[in-house]
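Below: one structure, written as structure tokens.
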2 protein chains.
Amino acid sequence: MPKEFTINDIAREAGVSKATVSRVLNESASVKPETKERILNIMKERNFSPSAAARDLSRQQSNTIGVIVPEVDNPFFGEILRGITEIADQNNYMLVCCNSDDSAEKDKKALLMLKEHRVRGLIYTPAVDYTTKEQQITINKLLRDLNAPIVIMDRPTDSLEQYDGVFFDDEKAMYEATKALIQAGHTKIGLLNATMDRVLARGRYKGYERAMNEAGIPMERRYIFEGDYRMTKAYHFSKKLLSMEDRPTAVLACNNRTSLGFLKALYERGERLSKDIACIGLDRIEAFEIINNKFNYIERDANQMGRHAIRLLNDRIACPQKPLEQVILTPVLKIHNL
Amino acid sequence: MPKEFTINDIAREAGVSKATVSRVLNESASVKPETKERILNIMKERNFSPSAAARDLSRQQSNTIGVIVPEVDNPFFGEILRGITEIADQNNYMLVCCNSDDSAEKDKKALLMLKEHRVRGLIYTPAVDYTTKEQQITINKLLRDLNAPIVIMDRPTDSLEQYDGVFFDDEKAMYEATKALIQAGHTKIGLLNATMDRVLARGRYKGYERAMNEAGIPMERRYIFEGDYRMTKAYHFSKKLLSMEDRPTAVLACNNRTSLGFLKALYERGERLSKDIACIGLDRIEAFEIINNKFNYIERDANQMGRHAIRLLNDRIACPQKPLEQVILTPVLKIHNL
DNA sequence: AAATTTCATGTAACCGGTTACACCATAAGA
DNA sequence: TCTTATGGTGTAACCGGTTACATGAAATTT
């Protein structure tokens with residue numbers, strides 16, 4: 001790395017001490033206007049860029065914020081990131097993005113790295129929450145050791161009561177979606193969900209269950225799929241589901257990927273959405289929404305979730321003693337056709 | 001920030017000098033095995049986390065890599081980021097993500113911030129390249145002043161000859177897409193493009209133009225749209241285009257957002273893709289691809305672009321003197337139905 | 001006019017690592 | 001056995017900022 005100018009260089013050239021230069025840099029104390037002017041000019045001339053490492057070291061604090069998400073390439077998280085960056089920019093935070101690929105191991109690695117950098121705060125979406133108890137303990141310890149404010153995002157964990165958080169009320173969303181289907185006359189309703197060791201899957205299931213129970217409709221185990229939230233498994237199960245003799249007349253897909261899996265299976269059979277079978281998906285699918293193809297979905301404003309996350313972090317940094325805050329966002333049903 | 005353990009603490013407890021601790025930390029020199037063991041144990045016990053700021057400061061170097069993209073929430077860039085993180089992880093780089101929102105001003109801000117952090121390298125997708133000459137000069141200066149390897153990604157700039165880069169050969173892609181349409185019998189072909197002050201728009205236009213000229217088909221100015229690469233404008237133009245009396249029988253959309261704009265207009269009219277009008281889009285649209293809805297597109301492997309970008313950066317860091325490298329990726333036509 | 005406050009600035013310690021250099025003990029070579 | 005390499009370690013300077021404290025001059029108060 002070629003040598004950069006330091007405040008020493010600037011100080012020498014301006015004929016002042018480095019302390020004065022530092023003062024100008026931080027506007028931390030009054031400096032005679034003409035001296036300040038002179039120093040600023042030299043800085044500009046020399047293209048001075050203060051070393052963040054030195055600043056962080058002496059201040060014992062950084063302006064870096066860590067973000068750990070499980071899938072950067074999922075549009076849901078893309079929008080979240082967008083929301084986060086918008087606010088981070090305004091507050092001059094630097095964002096360090098880590099993609100955990102839903103691996104607890106990568107979460108761990110990221111947390112260690114972020115700690116070395118003494119991040120000012122962390123926005124954390126835990127990797128698949130079906131980690132073993134041991135992993136959970138390790139991660140909890142790492143979170144504690146981070147010694148910085150943390151906002152848990154999207155996926156509740158058992159260490160939840162210690163941190164601020166932003167979540168969607170998926171249970172309510174699925175409850176209402178199910179109710180909407182029932183009101184439209186459906187009783188045989190499929191559910192494309194993930195395994196029940198995941199908090200989110202449990203919540204979604206509960207919403208579905210509650211609506212079914214309230215309506216007095218018995219639940220068919222074979223209509224309920226517990227796989228994961230990726231496309232492939234949902235696709236294969238949907239194929240089976242669609243070829244059942246006594247198949248459901250409606251399907252609930254528990255995230256955007258499972259919606260796609262279902263749709264793929266449906267279109268492969270040459271069937272048409274809503275006409276041949278009803279469906280409500282969780283999360284919008286941009287393409288469908290835009291071409292107005294009557295895709296019913298539960299809308300979750302991911303951008304807003306991101307903005308809330310960093311807002312919470314900001315507040316916590318500003319006021320470490322403030323009471324814990326959990327923001328629960330309410331998804332909105334977008335129904336065209338059942 | 002609560003006090004963390006430092007190498008001094010570790011050294012004291014182990015009864016050695018901090019230099020020895022540092023040696024253990026970096027495996028930079030031989031340390032007596034039992035001493036090393038002892039130090040490592042204490043580190044583990046005390047949960048020691050070396051300060052990145054201190055390390056960076058004394059080494060005059062960081063392991064941070066900056067990434068500037070214009071739209072984190074565009075799936076195209078989401079996939080790129082995914083590719084980048086995959087390789088960055090392996091090399092223990094820390095990624096700092098900046099979203100420029102296609103604003104040269106934010107590019108500038110990000111570059112200044114990254115410079116303060118003395119990033120080890122930068123992967124840079126310039127904001128809208130129709131920046132004024134002045135802005136261009138400012139940005140070029142900032143890039144030079146960064147004093148670190150840079151890889152230009154996706155959008156060529158005029159300072160290109162100085163940096164490594166990864167790009168798609170969009171001209172060829174559009175040329176072949178146009179040719180495919182012509183071979184299928186189309187002569188009236190619409191083009192949804194951005195204004196010609198953008199390098200990418202020029203390249204795409206050129207591909208189209210070349211194919212049309214070679215086939216001896218005169219180009220109709222009113223079939224060609226020069227707007228931007230967002231959905232809204234493409235949608236409005238598409239509406240006009242579709243309602244023309246003598247309208248095109250095929251349309252080329254120059255990126256994923258313009259494809260969506262076109263599709264929206266099309267579906268709003270109750271028309272159907274391919275049946276009523278042919279279309280080839282640049283970039284896949286996940287939802288369409290998956291449900292096999294016969295959406296024709298030019299596939300660009302964004303994940304691979306990301307991987308190439310960081311690979312190039314890595315190589316350049318390892319060997320600053322190596323000749324410049326420009327990777328040109330070839331898009332692939334995915335045609336179902338013309 | 002003397003005492004006190006305020007402004008502008010310098011001095012020096014400190015943040016937590018890295019590393020050139022020096023040193024001693026031991027092992028290898030002559 | 002004496003010299004010479006080598007292994008293991010300590011000392012201290014350095015990286016580039018921040019900041020508590022001190023100081024002298026100017027402005028304000030009494």
Side-chain angles (χ1 to χ4, degrees), chain A residues 1-40 42-43 46-64 112-113 115-120 147, chain B residues 1-40 42-43 46-64 112-113 115-120 147:
Chain A
M1 201 164 61
K3 197 81 175 55
E4 301 281 346
F5 284 97
T6 72
I7 51 170
N8 288 299
D9 302 322
I10 306 294
R12 192 176 328 112
E13 194 168 336
V16 297
S17 74
K18 59 195 285 198
T20 301
V21 178
S22 175
R23 283 174 193 123
V24 170
L25 215 46
N26 300 290
E27 296 176 340
S28 56
S30 57
V31 173
K32 201 203 282 184
E34 55 209 58
T35 312
K36 185 172 172 180
E37 187 74 13
R38 182 155 36 99
I39 293 176
L40 285 174
I42 296 176
M43 283 182 176
R46 296 287 173 241
N47 229 299
F48 172 69
S49 167
S51 154
R55 190 203 307 129
D56 289 357
L57 178 60
S58 66
R59 285 210 192 132
Q60 294 279 76
Q61 174 179 102
S62 79
N63 67 335
T64 300
L112 287 172
M113 184 178 261
K115 166 150 189 172
E116 290 191 357
H117 283 266
R118 307 291 189 262
V119 289
R120 196 74 181 280
N147 272 328
Chain B
M1 202 164 59
K3 196 81 176 56
E4 300 281 345
F5 284 97
T6 71
I7 51 170
N8 289 300
D9 301 322
I10 306 294
R12 193 177 326 114
E13 194 168 336
V16 297
S17 74
K18 59 195 284 199
T20 300
V21 178
S22 175
R23 283 173 193 126
V24 170
L25 214 46
N26 299 291
E27 296 176 341
S28 56
S30 56
V31 174
K32 201 203 283 185
E34 55 209 63
T35 313
K36 184 173 172 178
E37 187 75 12
R38 182 156 36 99
I39 292 176
L40 284 174
I42 297 176
M43 283 183 176
R46 297 287 173 242
N47 229 300
F48 172 67
S49 167
S51 155
R55 192 204 306 131
D56 289 357
L57 178 59
S58 66
R59 285 211 191 131
Q60 294 280 74
Q61 175 179 101
S62 80
N63 67 334
T64 299
L112 287 171
M113 184 179 261
K115 165 148 189 171
E116 291 192 357
H117 283 266
R118 308 291 189 260
V119 288
R120 196 72 182 279
N147 272 329

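The sequence lines fix the lettering, A, B, ..., with proteins before strands; numbering per chain opens at 1.
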- Message: Please tell me if B:Ser28 has a side-chain N or O lying less than 4.0 Å from either OP1 or OP2 of C:dT18.
- Response: no
- Message: Which residues pass the side chain to side chain contact (heavy atoms under 4.5 Å, CB included) test with B:Ser58, not counting sequence neighbours?
- Response: none
- Partner set under side chain to side chain donor-acceptor pair (under 3.5 Å) for B:Ser22, not counting sequence neighbours: B:Asn26
- Would you say A:Lys36 and A:Lys32 make side-chain contact, with heavy atoms under 4.5 Å? no
- Between C:dA8 and A:Ser30, is there an OP1 or OP2 to side-chain N/O distance shorter than 4.0 Å? yes
Between protein and nucleotides 23-26 of chain C, what N or O pairs are separated by less than 3.5 Å?
none

- Message: Using whole Å, what does the distance between atom P of nucleotide D:dG8 and atom CZ of B:Arg38 come to?
- Response: 14 Å
- Applying side chain to side chain contact (heavy atoms under 4.5 Å, CB included) to B:Leu25 and not counting sequence neighbours gives B:Ile7, B:Met43, B:Phe48, B:Pro50
- Nearest-Å distance, NZ (A:Lys32) to P (C:dT9)? 5 Å
- Query: Going by heavy atoms in the side chains, are A:Gln60 and B:Glu4 under 4.5 Å from each other?
  - Reply: no
- Query: Between the two ends of the helix from C:dA1-D:dT30 to C:dA30-D:dT1, what is the bend in degrees, rounded to 10 degrees, where each end axis spans five pairs?
  - Reply: 30°
- Of all the heavy-atom pairs spanning B:Asn63 and B:Asp56, show the shortest one and how long it is. N-OD1, 4.5 Å
- Message: Students often get this wrong, so: under 4.0 angstrom with heavy atoms, is A:Thr35 touching a base, only sugar-phosphate, or nothing?
- Response: sugar-phosphate
- Task: Check side chain to side chain donor-acceptor pair (under 3.5 Å) between B:Arg55 and all other residues, then give those that pass, not counting sequence neighbours.
- Result: A:Glu116
- Query: With B:Glu13, which residues qualify under salt bridge (charged side-chain N to carboxylate O under 4.0 Å, His left out), at least two apart?
  - Reply: B:Arg46
- Message: Once you apply a heavy-atom cut-off of 4.0 Å, does A:Val16 come out as touching a base, just sugar-phosphate, or nothing?
- Response: sugar-phosphate
Restricting both atoms to N or O, compile the protein contacts to nucleotides 20-22 of chain D shorter than 3.5 Å, with distance only.
none

- Sequence-distant partners of A:Thr6, side chain to side chain contact (heavy atoms under 4.5 Å, CB included), two or more places apart: A:Lys3, A:Asn8, A:Asp9
- Item | Heavy-atom side-chain proximity of B:Arg118 to A:Ser51 below 4.5 angstrom | yes
- Query: Which residue pairs pass the salt bridge (Lys or Arg N to Asp or Glu O under 4.0 Å) test with at least one member in residues 16-27 of chain B, sequence neighbours excluded?
  - Reply: none
- Task: List the atom of A:Ser62, the atom of A:Val119, and the distance in Å for their closest heavy-atom pair.
- Result: OG-CA, 3.7 Å
- Hits for side chain to side chain contact (heavy atoms under 4.5 Å, CB included) against B:Ser30, two or more places apart or cross-chain, chain-then-number order -> none
- Starting from P on D:dG8, measure out to CD on B:Glu34 and report it in whole angstrom. 10 Å
I'd like a table of atom pairs between the protein and nucleotides 13-17 of chain D - only N or O on both sides, under 3.5 Å - with the distance next to each one.
{"unit_1": "D:dC15", "atom_1": "O3'", "unit_2": "B:Gln60", "atom_2": "OE1", "d": "3.2"}
{"unit_1": "D:dC15", "atom_1": "O3'", "unit_2": "B:Gln60", "atom_2": "NE2", "d": "3.2"}
{"unit_1": "D:dG16", "atom_1": "OP1", "unit_2": "A:Lys3", "atom_2": "NZ", "d": "3.1"}
{"unit_1": "D:dG16", "atom_1": "OP1", "unit_2": "B:Gln60", "atom_2": "NE2", "d": "3.0"}
{"unit_1": "D:dG17", "atom_1": "OP1", "unit_2": "A:Ser51", "atom_2": "N", "d": "3.3"}
{"unit_1": "D:dG17", "atom_1": "OP2", "unit_2": "A:Ile7", "atom_2": "N", "d": "2.6"}
{"unit_1": "D:dG17", "atom_1": "N7", "unit_2": "A:Lys18", "atom_2": "NZ", "d": "2.8"}
{"unit_1": "D:dG17", "atom_1": "O6", "unit_2": "A:Lys18", "atom_2": "NZ", "d": "3.0"}

